Amino acid sequence: MKQNPFQTPIKIWYDMLPGLPKVKWPILKIKLKHGERNLPQPLIALVDSGANKSILHPFVAEALGFNLEKLGRPEKGVSASGEYKSWQLSSIDMNIYGYDFNLPFTVIDNKQLLWPCILGEDNIFQFSR
């Protein structure tokens with residue numbers, strides 16, 4: 001899927017997460033696909049203007065058909081939540097509000113990762129406002 005350069009930018013709304021205190025987060029409901037594998041339900045993705053990469057939880061990557069052991073040797077890194085291992089995924093199909101995008105993601109194996117998907121500035125700010 002190629003991005004349409006003439007499409008309207010995506011607006012990111014602040015919304016509350018179900019079952020949690022009334023704190024508003026910059027979140028989007030997204031659908032992900034890789035090859036013939038579609039996730040059956042949309043994911044709630046955090047839009048993080050301070051993140052320089054877009055991140056997928058390992059469980060999401062595996063549900064999309066990726067085998068982390070076959071992706072090669074992981075890179076090691078450190079973040080505010082501790083040390084982690086990561087793998088680069090070059091291409092995941094993502095649908096936001098009916099618009100299709102094909103974007104790179106990083107899978108981070110960090111037990112402290114709370115979100116299934118974090119959209120960072122490496123791709124979400126190309127088409128959002």
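Please read these numbers as outputs of a predicted model, since none were measured by experiment. One-based numbering along the sequence shown. Side-chain atoms are counted along with the backbone in the values below, which use heavy atoms only and exclude waters and symmetry mates.
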- Query: Do Pro58 and Trp87 touch side chain to side chain, with heavy atoms closer than 4.5 Å?
  - Reply: no
- Query: Can you tell me how far the CE atom of Met94 sits from the CG atom of Leu43, to the nearest 0.5 Å?
  - Reply: 11.0 Å
- Taking only residues two or more places apart in sequence, or in another chain, which ones meet Tyr97 in a ring pair (Phe, Tyr, Trp, His ring centres under 6.0 Å)? none
- With sequence neighbours left out, what residues match Glu62 under side-chain hydrogen bond (donor to acceptor under 3.5 Å, both in side chains)? none
- Task: For Lys85, check salt bridge (charged side-chain N to carboxylate O under 4.0 Å, His left out) against everything at least two apart and list the hits.
- Result: Asp109
- Supply the atom-to-atom distance Asn102 CG to Ser91 OG, rounded to the nearest 0.5 angstrom. 3.0 Å
- Message: Does Cys117 form a side chain to side chain contact (heavy atoms under 4.5 Å, CB included) with Phe105? I'd like the steps, not just the answer.
- Response: CA-CA 9 Å; Cys117 180; Phe105 280 89; 3.8 Å; yes
- Co-membership, hydrophobic cluster, residues Tyr14 and Leu114, 4.5 Å side-chain: no
- Item | Evaluation steps, side chain to side chain contact (heavy atoms under 4.5 Å, CB included), between Leu89 and Thr106 | CA-CA 6 Å; Leu89 304 178; Thr106 301; over 6 Å; no
- Same cluster for Ile118 and Leu17 if Ile/Leu/Val/Met/Phe/Trp/Tyr side chains link at under 4.5 Å? yes
Using distance only, find each side-chain donor-acceptor pair of residues 64-75 under 3.5 Å and give its atom names and separation, not counting sequence neighbours.
| unit_1 | atom_1 | unit_2 | atom_2 | d |
| --- | --- | --- | --- | --- |
| Asn67 | OD1 | Glu69 | N | 3.0 |

- Value rounded to 0.5 Å, distance of CD1 in Ile30 from CG in Asp93: 11.5 Å
- Message: Same cluster or not: Trp13 versus Phe101, using hydrophobic residues (I, L, V, M, F, W, Y) connected whenever any side-chain heavy atoms lie under 4.5 Å apart?
- Response: yes
- So how far is it from Leu103 CG to Ser90 OG, rounded to the nearest 0.5 Å? 11.5 Å
- Query: Taking only residues two or more places apart in sequence or in another chain, which ones pass ring pair (Phe, Tyr, Trp, His ring centres under 6.0 Å) with Trp115?
  - Reply: Trp25
- Task: Kindly say whether Gly120 contributes a backbone atom to a donor-acceptor pair with the side chain of Ser54 at under 3.5 angstrom?
- Result: yes
- Message: Would you say Val23 ends up clustered with Ile27 if hydrophobic residues are merged whenever their side chains have heavy atoms under 4.5 Å apart, either directly or through other cluster members?
- Response: yes
- Note on the structure: d(Lys31 NZ, Asp100 CG) to nearest 0.5 Å is 9.5 Å
- Atom pair CG (Leu119) and CG (Leu28), whose distance is rounded to the nearest 0.5 Å: 6.5 Å
- Item | Lys29 vs Gln41, side chain to side chain contact (heavy atoms under 4.5 Å, CB included): CA-CA, chis, key distance, verdict | CA-CA 9 Å; Lys29 289 185 180 175; Gln41 297 290 326; over 6 Å; no
- For Asp15, enumerate each residue passing the side-chain hydrogen bond (donor to acceptor under 3.5 Å, both in side chains) test, keeping only those at least two apart in sequence or located in another chain. none
- Item | Nearest atoms (heavy-atom pairs only) where Lys33 meets Gly35 | CE-O, 2.8 Å
